[in-house]
Amino acid sequence: MERLIVAFDSFLRTVTGTTNSTRQPYSRSYSDSDEISSEQRRKSINLLRINHVGEVCAQGLYQGQILSSCTHGQLRDYLLSASLEEFDHLSWCLSRLYELGGRPSMLLPLWFTSSFFIGLFAGCCGDSWSLGFLEETEKQVARHLSEHLEALSDQDPRSAEIFSVMKKEEEQHQEHARLNGARELPTPIKKIMWCMSRVMVFISPLI
């Protein structure tokens with residue numbers, strides 16, 4: 001029951017945007033003079049929306065895994081800690097999105113719920129498979145962030161720095177899963193996950 005309440009609380013805070021970060025992603029101060037072109041603004045908004053949806057999916061995934069797996073208290077504690085870091089990522093993307101005059105996807109409840117059931121299924125398969133799914137997810141997220149960092153170039157340093165910190169922490173989650181017994185997923189499942197991520201990347205900027 002406690003895990004259900006935590007999952008529902010995460011759902012409400014995620015889809016309503018009522019998340020606050022206790023950390024600052026920027027390593028230096030930025031001023032109002034750090035303006036970007038209209039074209040770059042549109043590009044940044046699209047990338048921020050994609051990554052914001054990605055963090056919404058991450059919350060759903062983690063909560064589903066926490067609810068259905070975690071036979072070991074240490075693993076459960078780690079997933080709870082990692083989900084808090086993902087909340088920071090969520091808050092950073094949303095704040096920057098609003099700074100640029102953008103808005104989040106209208107399908108946030110759908111993104112969270114679908115990921116929640118995927119996490120629920122992964123957790124039911126056992127902790128090693130759950131960690132394997134987490135490892136592969138974070139690997140694909142880090143790959144997307146690398147592509148987005150290249151696309152931002154030097155024209156939007158604020159968004160680029162947010163993505164850079166996110167990428168570093170996603171890679172840490174991936175490495176932690178690998179070192180703690182993650183099983184490598186079969187190739188067909190990896191390809192399905194990649195295709196699903198492509199659908200998300202295509203739809204997120206549109207709706």
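All residue numbers in this chain count up from 1 along the given sequence.
- The side chain to side chain contact (heavy atoms under 4.5 Å, CB included) test with Gln172 is passed by exactly one of Lys168, Glu175, Gln174: Lys168.
- Between Ser164 and Leu149, the shortest heavy-atom distance links the atoms N-CD2, 3.9 Å.
- Within the 4.5 Å cutoff, no side-chain heavy atoms of Arg103 are placed close to those of Leu97.
- When atom types are taken as modelled, the side chain of Ser115 and the backbone of Ala58 share no donor-acceptor pair closer than 3.5 angstrom.
- Contact annotation: the side chain of Arg49 never approaches that of Val53 to less than 4.5 Å [non-hydrogen atoms, C-beta and beyond].
- Salt bridge status for Glu171 with Lys139: absent, with no side-chain N to carboxylate O gap under 4.0 Å.
- Atom-to-atom distance recorded for Leu145:CG and Ile50:CD1 is 10.5 Å, nearest 0.5 angstrom.
- With rounding to the nearest 0.5 angstrom, the OG atom of Ser105 is 8.5 Å from the CG atom of Leu110.
- Using the six-membered ring where Trp is involved, His89 and His173 have ring planes that are parallel, under 30° apart on the 30 and 60° scheme.
- Scanning both residues, Thr113 and Pro109, for their nearest heavy atoms gives OG1-O, 2.7 Å.
- Residue Gly102 comes nearest to Tyr98 through the heavy atom pair O-CD2, 3.5 Å, listed as atom of the first residue, atom of the second, then distance.
- In plain terms, the two heavy atoms of Ile45 and Leu100 that are nearest each other are CD1-O, 3.4 Å.
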task = Report the C-alpha separation of Gln59 and Glu55 in whole Å, then their side-chain angles, then the decisive distance to 0.1 Å, and conclude whether the side-chain hydrogen bond (donor to acceptor under 3.5 Å, both in side chains) test is met.
result = CA-CA 6 Å; Gln59 284 302 317; Glu55 295 305 323; 5.9 Å; no

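- No option in Arg41, Arg96, Lys43 other than Arg96 meets the salt bridge (charged side-chain N to carboxylate O under 4.0 Å, His left out) test with Asp156.
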task = Determine, step by step, whether Phe133 and Leu185 satisfy the side-chain contact (heavy atoms from CB on, under 4.5 Å) criterion, reporting the C-alpha distance in whole Å, the side-chain angles of both residues, the deciding distance to 0.1 Å, and the verdict.
result = CA-CA 7 Å; Phe133 190 85; Leu185 300 183; 4.0 Å; yes

query = Does the salt bridge (Lys or Arg N to Asp or Glu O under 4.0 Å) test come out yes or no for Glu184 and Lys190, once each step is laid out?
reply = CA-CA 9 Å; Glu184 185 173 358; Lys190 291 182 181 180; 2.9 Å; yes

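- Note that NE2 of His148 and CZ of Arg143 are 12.0 Å apart. Values are rounded to the nearest 0.5 Å.
- The hydrophobic cluster containing Phe121 does not contain Ile189, counting ILVMFWY residues as joined when their side-chain heavy atoms lie under 4.5 angstrom apart, directly or transitively.
- Atom CG of residue Leu108 and atom CD1 of residue Ile207 lie 12.0 Å apart, to the nearest 0.5 angstrom.
- Counting only heavy atoms from C-beta outward, the side chains of Leu131 and Arg183 never approach each other to under 4.5 Å.
- Contact check for Phe163 versus Ser146: no side-chain heavy atoms found under the 4.5 Å cut-off.
- A salt bridge is absent between Glu170 and Lys167; no separation between the charged side-chain nitrogens and carboxylate oxygens falls under 4.0 Å.
- The CD1 atom of Ile162 lies 6.5 Å from the CG atom of Leu48; values are rounded to the nearest 0.5 Å.
- Not a single side-chain hydrogen bond (donor to acceptor under 3.5 Å, both in side chains) links Thr137 to another residue, sequence neighbours left out.
- The two atoms that bring Gly60 and Phe112 nearest to each other are N-CE1, 3.5 Å, heavy atoms only.
- A distance of 13.0 Å separates CG of Leu47 from CZ of Arg42, quoted to the nearest 0.5 Å.
- Residues Glu99 and Arg158 come closest through the heavy atom pair OE1-NH1, 3.8 Å.
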